[in-house]
Amino acid sequence: MHGSVSGRIVETEAYLGLEDRAAHAFRGVTPRTRVIFGKPGHAYIYLIYGMYDCLNIVAEPEGSAGCVLIRALEPVSGIARMRSRRPAARRDEDLANGPGKLTLAMGITRRHNGADVTSGILTVHAPVSEEPFEIGVSPRIGITHCADWPLRFFVRENRFVSRSS
DNA sequence: CAATAGATCATCT
DNA sequence: GATGATCTATTGC
């Protein structure tokens, strides 16, 4: 795709519903969490720490809560544009190796909240190479509740993840 | 290296 | 009014 900013997702975290104290949806439907309880395949985007937007994909049927936080991306196309949005990044692997950096590099903001992800704002890539890879599992990063739940998933040995274990 | 501090604001109590 | 699914710069060993 010419001119598009795209990449391979290499790190995610799952956030569940009413049983997951770390999830925004834990407290039920509010103006903010409305999207999480909506249709799957839509983007839930929120502001974190007053500074960064984080991208999630709603993953449960309408009426129940659950989403996947997209934490890191291996850039595939539009790398020059990502660099222009994140001039401080010195290496390609620093462009989108964290949820806040990722949205910055891709130009995704809360303006996309609720958007249908299957209709073009994201391009999902198959693995970049034919090399086999393994999926690592670990606790989620930066949370206080349910801190030991193994709900972070990442491509092992991949240098674009935010941390390797 | 590892640990800590500060920036900054929408959301919910 | 307190909190937080982050990031960067800075301090200290």
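FYI, side chains are in, hydrogens and waters are out, and symmetry mates aren't considered; it's all heavy atoms of this structure. Here is the naming used below: chain letters follow the sequence lines, and residue numbers restart at 1 for every chain. Here the structure is a predicted model, which means the values were calculated and not measured.
Using a 4.0 Å heavy-atom distance criterion, A:Arg140 is classed as making no nucleic acid contact. Looking at heavy-atom distances under 4.0 Å, A:Gly50 makes contact with a base. The residue A:Leu69 sits close to a base: some heavy atom pair falls under 4.0 Å. Looking at heavy-atom distances under 4.0 Å, A:Arg86 makes contact with sugar-phosphate atoms alone, never a base. A:Arg110 comes within contact range of the sugar-phosphate backbone alone, with a heavy-atom separation under 4.0 Å but no base atom that close.
Residues meeting the salt bridge (Lys or Arg N to Asp or Glu O under 4.0 Å) test with A:Arg110, sequence neighbours left out: A:Asp53.
A:Phe160 approaches A:Asn97 most closely through the heavy-atom pair O-CB, 3.4 Å.
In this structure, CZ of A:Arg34 is placed 11 Å from P of B:dC12, rounded to the nearest angstrom. What separates CG of A:Asn113 from P of B:dT11 is a distance of 9 Å, to the nearest Å. Protein atom CD1 of A:Ile48 is 18 Å distant from nucleotide atom P of B:dA7, rounded to whole Å. The interatomic distance linking A:Asp53 (CG) with B:dT11 (C1') rounds to 14 Å, in whole Å. Look at CD1 on A:Ile36: it is 12 Å from P on B:dT11, rounded to the nearest Å. Here B:dC9 presents its P atom at 16 Å from CZ of A:Arg32, a figure rounded to the nearest Å.
In this structure, A:Tyr15 has its ring center no closer than 6.0 Å to that of A:His24.
Formation of a donor-acceptor pair under 3.5 Å by the A:Arg83 side chain with backbone atoms of A:Ala105 is not found in this model.
Under the 4.5 Å side-chain criterion, counting only non-hydrogen atoms from C-beta, A:Leu73 is in contact with A:Ile9. Side-chain contact between A:Pro99 and A:Leu55 is absent, with no heavy atoms from C-beta onward closer than 4.5 Å.
We find that A:Glu93 and A:Arg159 are joined by a salt bridge, their nearest charged nitrogen and carboxylate oxygen being less than 4.0 Å apart.
The cluster map of Ile, Leu, Val, Met, Phe, Trp and Tyr, joined by side-chain heavy atoms under 4.5 Å apart, puts A:Ile79 and A:Ile108 in the same cluster.
Taking the centre and axis of the six-membered ring of A:Phe154, the NZ or CZ atom of A:Arg152 falls inside the cone set by 45° and 6.0 Å.
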Base-pairing string, 5' to 3', of DNA chain B - Watson-Crick or wobble, under 3.5 Å, | interstrand: |||||||.||||.
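Closest-nucleotide positions on DNA chain C for A:Gly142 and A:Ala88 were compared, and the one nearer the 5' end corresponds to A:Gly142.
The span of DNA chain C lying next to chain A, judged by atoms under 4.0 Å from heavy atoms, is bounded 5' to 3' by C:dG4 to C:dT8.
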